[in-house]
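Structure first, commentary second.
The basis for the numbers below is simple: all heavy atoms, side chains too, and nothing from hydrogens, waters or symmetry mates. Each chain gets a letter, A, B and so on, in the order its sequence line appears, and its residues count up from 1.
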Amino acid sequence: MAAGLSQEEPVNRRQFLRGGLRVAAMTGVGALVGALAGRSATDGTVWQIDPARCLRCGQCATECVLEQSAVKCVHTHAICGYCELCTGYFVPDPNALNTGAENQLCPTAAIRRKYVEDPYYEYTIDENLCIGCGKCVEGCNRFGNGSLYLQIRHDRCLNCNECSIARVCPGDAIHRVPARHPYLLKTTVSH
Amino acid sequence: MPAAARTTSPASAASTAVLHRALVNVVVMASLFCVIVGSAFLIRYWRAKAEDPLKSPQAIALKDRLRNEPRNEQLKQQIRELDLALRRQYFRHLAFSHTGGWLLVGGLAVLILSGRQAARLRAQPPLPALKTDAEKRAARTAALARWAVAGVALATGAGFLALSLSAKSTLPDRPQDLAKSLAKLSGEGGPDLADLPKPAEFRANWPRFLGPDGNACVTNFTLPTEINLTNGTGVAWKTAVPLLGFGSPIVWSNQVFLSGATMTNRAVFCFDAATGALVWQRPVTNVPGSPAQPLEIPDSTGYAAPTMATDGRRVFAWFGNGDLAAFTLAGAPVWAKSLGVPKNMYGHATSLACWQGRLIVQFDQGEPEEGKSRLYALDSASGRVLWQKSRPVGASWATPIVADAAGKPQIITLGGKWVIAYAAKDGTELWRFQGLNGEVTPSPIFAAGLVFVISPSDQLFAIRPDGFGDVTKTHQAWASDENVPDITSPVSDGELVFTAASSGLATCFDTKDGKKLWEQDLESEINASPVLAAGRLIVITKKGTLIVAAAAREFKLIAKAELRENVLASPALVANHLFVRTTKSLICLGAKAGTLEVKR
Amino acid sequence: MKPDRSPIRLTRRGFLRTSARQAAVLGLAGSAAMSAARPACAGSDTTPNPFAYDVSRLEKFDPKLARYTEARQFRCPRPDARRMALGPGGNLYVAAGNYVVILDANGTPVNELALTAAARCVAAAPDGTVFAGLRDHIELFDAKGERKAAWASPGKKTWFTGLALGNQGDVFAADSGNRVVLRCDRAGKVLARIGEKNPQRDIAGFILPSPYLDVVWHTDGLLRVNNPGRHRVEVYTLDGDLELTWGRPSMAIDGFCGCCNPIALALTKDGRYVTCEKGLPRVKIYQEHGALDCVVAGPEMFPDNARVGAGETAADGVRAALDAAVDGQGRVFVLDTVTSRIHVMEPRT
Amino acid sequence: MKRRAHTFLVGLWTWLAAAGVAGAEQRFPPPDFESGYQLPVTQTPAPRAEWLQYFDVLVLLIALGLACHLILRKRSRAGVVGLSLFSLLYFGFYREGCICAIGSVQNVALALFDRSYALPVTVLVFCLVPIVFSLVVGRAFCAAVCPHGALQDLVLLKPVKVPAWLEHALGVLPYLYLGAGVMFAATGSAFLICRYDPFVPLFRLSGSVLMLTTGAAFVVLGMFVGRPYCRFVCPYGALLRLGALVARWRVRVTPDFCTQCQLCEHSCPFGAMREPTAPAANPAAQSADRRRLGWLLLLLPVLIAAGAWLGGKLSVPLSRLDPNVALAEKFLDPRKAAPLPGVQTPQSLALGRAEDNPKELLAAAAAARQKFAAASWLFGGWVGLVIGVKLIGLSLRVARTDFEPDRGACFGCARCFSFCPNERVRLGLQPAPANLPAPAAVAATAASVPPAKPA
C-alpha cells in the first residue's frame, strides 16, 4: 500500500457501517445500470426540427446558444417551382425581379439566385450567411411549395443536453432524433 | 507559500520586490484588460443586436421611400450601399464576439498566472498558534451550523409557501375535468353549467324580457283584487327610478334589476323586491371599445331601451351606445365590453337573452347590404365570444327567444325580411322563413309547438319550427292579417294567442288555425306588450291604465286600475307580485312586504 | 521576518478591496448590459417576431370594392376538399378526399360517390353525369351515382386538377403534370392538346410550380385557363389558338399575388372572371378584358387559410387553397379547402 | 375485348390506389428543364462521429485513473494541476462542456421515468463512472477531471476562509438543487442543471448574456472563494460527496503520523480540514448532546412529512416549468388576449397551435401535471430529509486523533500534502526530526525551508 493511502485500521463500528453503505451504493449503481442497460441506446441522438410543425416564429435565429444559430434554411430542390418571382427570395411586391438589395427578403442576403433557363431560376442557400430566421421559409410556404425550410445543421450544432431553441419553440417542432438519421428533410415522396 | 523567506540577502530582496511590483502591475493591467474587453463585449453584444440589418430604421425609411418612387435608381443604389454596410457590420460583430471571448480568456489566464506568482512572492509563512479548545470550538461551530441549517430550512419553507400561494391555475388538476375545459372552449358543454341554477328556478323568476321563455305567460298567479294608487291598496311599494329607461324590469330571487341611461350616464339598479329599497346602483363607465363621442338617440327609444337579462348568477345590461356590462347579483362588475356602436336610426332596443351560461346577443344594425348584423353567443362568465354568426339583415328591434322547439334548443330571431332559427349550441342556422316587412319590433314567442311572429302592421304568422333551410313555403301553419300590432309582442297560453296593438285594439286568435275569436278596442294607446297571468290577460296602456280581461274565447273585462304614470315597459310577474316600470318609478303590485316569497 | 510595508505590497485586505471594486465594476457593467440587452434579445415570447414575413399591409383593400356579402356558409361533410363544381339542380359537387360529395345549395348532403383514390377535380353534366378527376385518370358516374367508365390515363406524369364540360359533348381536362389542357370527347378520346409550349403559335406554355391548372368553358365557345406561374389568365379557342391573355403579378388587390396565382377560375353568366388566390386568400371578379371589377371575399374571410402551416394535406403535400363556382343567380360559392367550408356569397343589392 | 380492358384498367387503378395508401404518393414534380439542368442535392453535414463519443469516454476513464494515481499514490499537486489544465482544455474548451457528468444525472433520471427515452450509453457511463470512482477513492473526478472544478481550482488566487457554520449551511443547497434537477428531469419538463450551468457558456464563448455574466461572476468569486460552484451549488458534487463519505480509500495528509502542526489546515482553501478532537470528557455535555440527537432523530420524520406536505402544494407552480403546462394555462386563461392581426408573437403562434389541437395539448399538460403531483411531494420530502440528516450529522460527535480532511468535503486537490512536515521528510526534503516537535517549532522549520513544489 502506498504511503498516501490509509493504513489498515482496526474494523470499528463506523468502518463497518461505511463498508456496508459502500456495498449498498455499488449495488445501487449496478441496479441502475441493469435497469437502464436494456433501454439505453448505443446510438446517440441529435436535435432536429420537424418542418411540418415549424411555425416560422424567428426564434431559431435568436435563441440558439451559438452567436450565429446552428439552424439554417435548407432547400429541397425537387419540391421547388424554380419560380422567377420567388416569394422566399423577394420581398412582398418587389420593385423589380433582380438581385438588388432593395428586392431581397433575406436579412443577410444568404440566398443565391441563378438563372437556369427561361423562365426558371435556381435558389441556393449560403449557410455561412444564413442566420436561420425563417423569413424566406414563411414566404415560400405561404405562397409557394414550401421547398425552403429550417433544419439544424450538425456541423454547427453543439448538441446541448437541453436545446435552448426547443425550450421556447411555439410549434414544439424540435425534438431529438437518432444520430444515424440526423435530418428531417422534405422529400418528393410525402409521408 | 513561504517563498519570499527563501532569500535573505538585501540584493535578492530588492530584486524580489521589483519582480513583485512588476507582477502586481501585470495583475492590474490584466484585470483592467479583462474588464474593458468584458464590458466592450457586453456593450457590443447589445448594440449589434439593435443594429442588426433588419432593424435599421434608416434602411426601412429608404425602402418606404422607394415604394413611393419606384423608379429612383439613385435611391436603389443608396439602399444597396447601406445594406452592404449593415451586413458587413453584422458579420464583423459576430466575428468579434468570438475573438473577444478568446481575448477575455487570455486576459484571465495572464491575470491568474501573474496573480498567483505575485501572491506567492509575498505570501506569509503560516504561523499557526497552538489551539487547545478544539472540542469547545467544534461544539460551537456545530451549534451555529445547526442554527444556520435551520435558517436555510426556514428560508426554503418560506419560499415554498410563497410559491404555493401562486398555485391557482386555469388548468384543472384532475384529468377528468379536462373534458369539461375542452367542451367549454369549443362552446359545446358551454360554460360551467354546474354553477348555474336549475331550469325550475328560471321558471319561478322573470330573468329576461317577457318572462323566462319570452312568452309572458304564468299559470299560477293571483292578482290583488283591488288596486288603488291613491290610497295604496294592492300596492306593495313604489320607488323612484333615478335614470330613465324603456327597458322592462327583471326579477331574480328577491331582487329587481333595471337599467337606465341618458346620453352621458349609464347605470344598472338593483331593488329589493320585498321593500323596493334601492340595494345597489352601478355606473357603467370606461367600457373598452365604447364610443368616445356621445351618441344621439331619439327620445322615442332612449339610451336604455334593451331589457336586462340574468343567468341567475350575473345580470347583464346593454345600452343604446353598444356598451354591454355584466355584474354579479351583489353588484360587483364582472366584465364589460362593447360589441360596437349600433347603427340604428331609431336607437338600439333589442333585449338580451340567456341560455345555459351563454348570453345571446342579437346585434342587428345598419342596412342588410352592409353586412354588419351579427348574432353572438358570449360566455356569460367571461364575456368571451363563443360563436358569432353574420346575419343578412339590417337594423331590427325584436328580441330573440331560445326555445326547445322540435327537440332541439333553437334561437329564434326576427330581422329584416327573415325569421331565422339557429342551433343554440353552436349557432348553426337551422331554418329561415321569409315574410317580415318593415321595421321589425315585436318579438317572437313559442307556444303550443308553434313559433308566432309578427310582421309589423302586416301579418301574424304561425310557423312550425321543425324545418331545415328555407321553410317559407313549407312550414307556415297559418297567417292572419287582422289587427296586427307594430310594436308589441303577442302572448299565448297555448290555446289562444292575444295581441294588443298600439292603437289599443286587442285581438284573440285560435292557435290551431289562426281564426280570430274576438277583438276589442281598449281605447288607449299601448306600448307595453301584454302578459298572461293564470287566465287573465293584463294590458297596461301608455297612459298607465292597467286593464285585466279574461284570457278566454270571449272578451270579458275583469278590472281596471290607474297607475297614474306613463308606462312603456312590460310588467314582470313573480310570486303573485306584478312589477311595473313607469317612466318615473318602479311599482310593485301585490301583497305588502314580508309576504313576498320566491319559489326556488 | 519583518512584514514588508512597501506600498506595492499585496496585502490580503488590499487585494480584497481592489478585487471587490473590480467585481463591482464588472457586475455593474454586466447588469447594465443585461438590462439594456433584454429588449434586444427576443427572449420574451410576447415580442413580435423581428423576422416576420409581414403582408398585413397587403391584406387590406378598398372596402368599396367589396360588393358581395356572405349569405351563409356550411361545411363539406368530407375533409380534404379540393375542387368544386355546380351541377344540375344547382347542386354542388365537391371533390373531397376519396369522394365526390353532392350537396344542395343549402349545404344538405344529397349523395356521395366513393372513389378508389383522392378526387382532385369534378364536373357535372346537365344530365347528371359526374366526371371525377383522379390524379391520373377520369372516372364517369351516372346520375344515380353508379360508375360507368374509367378512362385510360393519357400520360405518365398526368395530374388532373381541373375539369370543364363544353356544349358539344366536349370534356376539358386540365393536366397539371403535363402542363396541358386536354380536349376529349365523351368516350375519353383526346381530340386536342391545348396550351402546350409552342413558339410558332405564340404560346409560351403553362408554368406550374404546383398543381393548380384550372379550365373553364364559356358559352362563347372559348376556354379560360389560368397560368399561375405567369400570373395570368389565358383564353384559348377549342383548336388551341391563344386568343387573349391578361393579368399581372402584384400583391396589390388588382394583381395576382405570390409566386403562382390564380389557382382557380370560374365564370359568371355574362363572362366575367371569378379568380381565386392562395397565400393571400382572396376571390375577385375581373371584367372580360382583365380590369378588376370587384372583390368577392378578402383574406379576412379565410383567416385559417392564410395562417402559417395550414392546409398541408396528408395526401400529396399540396397546399390547400380556394375554389369558386357561380350559379345562375350570380351567387358565388367559395370553397375554403383548409376548413372544408363553403361560403355562399351574394351580390349586394 | 373492350370490356376486358376495362376490367383490367379498373383493377390497375385499384392496385395503384392501394399502393398509394400503403406507400406514399409522389409530390408534384419540378419543371422539366430543357437545358439539361441537374437538381442539386440537399447537403446533410453529419453530426460528430459516434466513435469520438466513445473516445470521450476513454479519455474520461484515463483521466480518472490518472487523477487517482496522482492524488493517492504520487501525491503530486503539480500533476493534479497539469491534469486539471488538460481537462479544462479537453472537456471544457474543446468539447464545450456537453455532455458533462453534472448534466448527465438528469438524463439518467429521465430515462428511469420515461420508458420512451433512449439513453445513450456514453451518457450513462459519464454519469456513473465518476460515482463508482468516488465510492472507491473519493472525489477524484472533482479534483482534476471535471472542467468546472478545474476552472475554479485554477483561478483561485487568494482564498478567503468561509466560516465553518456558513459552509455547513450552504452545503445543504447542492442537495436541494440536485432534488429539483432530478424532479424536473424525471418529469421530462426541463433540464434545469444544464439551463443554469454558469461555466458551459464560458467554454463555448457564447450563450445568453445572463448565463455569461453569471459565469463571469462565478470566475471572479472563484478567485477569492475556493470552488464556489462545487461547494455550494454543484448537484453532481453533492452525489460524489456522498460517495466519498463511504469511499474505500481516502486522502490522508500525513504519510506517517500527525504532528498536529496545523499547517495542513492552513493550506486547505476549501475548509475541508478537520482538527483532532477528543471524545467529550464532560458527562453532562455528553448527555445534553445525546438528548439533542434523540430529539433530532425524532424530528427527522416530522421534517420529511412537513416537507412532503409543503412540497405537495407546489405541484401547480412547479409544473409551470413544463412547456405544455405553461402553454395550456395560457390557452385556458379566459383573460388571454385575442390574437391580433399582423405580425404574430411566438406566444400567439403557440396559442394558435393549441387552438388547432387543444385535446392533445391539454392531455399532455394534464399528464405533466399528474407527474408533478407525485414528484413535488417527493421533492418536498427530500428537502425535509436533507435538512434533517444534516442536522443529525451536525449533532454527531466525531473523535479524531489527527488532522485529516473531511471525507466528503475534500476535493483531493493535493495542496495540503507538501505542507505536512512528515511528507517533506518522506520526500527527503527535510531531515527527520529527532523528537516530536511542538507545532510552533514545526511551523518555523516549515517556514525556513520552502517546499520544492508550489502549492
Q: Kindly give the heavy-atom pair with the smallest separation between C:Asn106 and B:Asp470, and that separation in Å.
A: ND2-N, 4.5 Å
Please say whether more than 12 non-hydrogen atoms of neighbouring residues, nucleotides or ligands are located less than 6.0 Å from [atom1] in [X].
X: C:Lys269; atom1: NZ; value: no
X: B:Gln434; atom1: CD; value: yes
X: B:Lys417; atom1: NZ; value: no

Q. Given that the side chain runs from C-beta out, which part of B:Glu367 has a heavy atom under 4.5 Å from chain C: side chain, backbone, both or neither?
A. neither
Q: Would you give the length of the straight line joining atom OG of B:Ser390 to atom NE2 of C:His343, rounded to the nearest 0.5 angstrom?
A: 11.5 Å
Q) Top residue by heavy-atom pair count (under 4.5 Å) with chain B, among C:Arg67, C:Arg72, C:Glu70, C:Arg75? A) C:Arg72
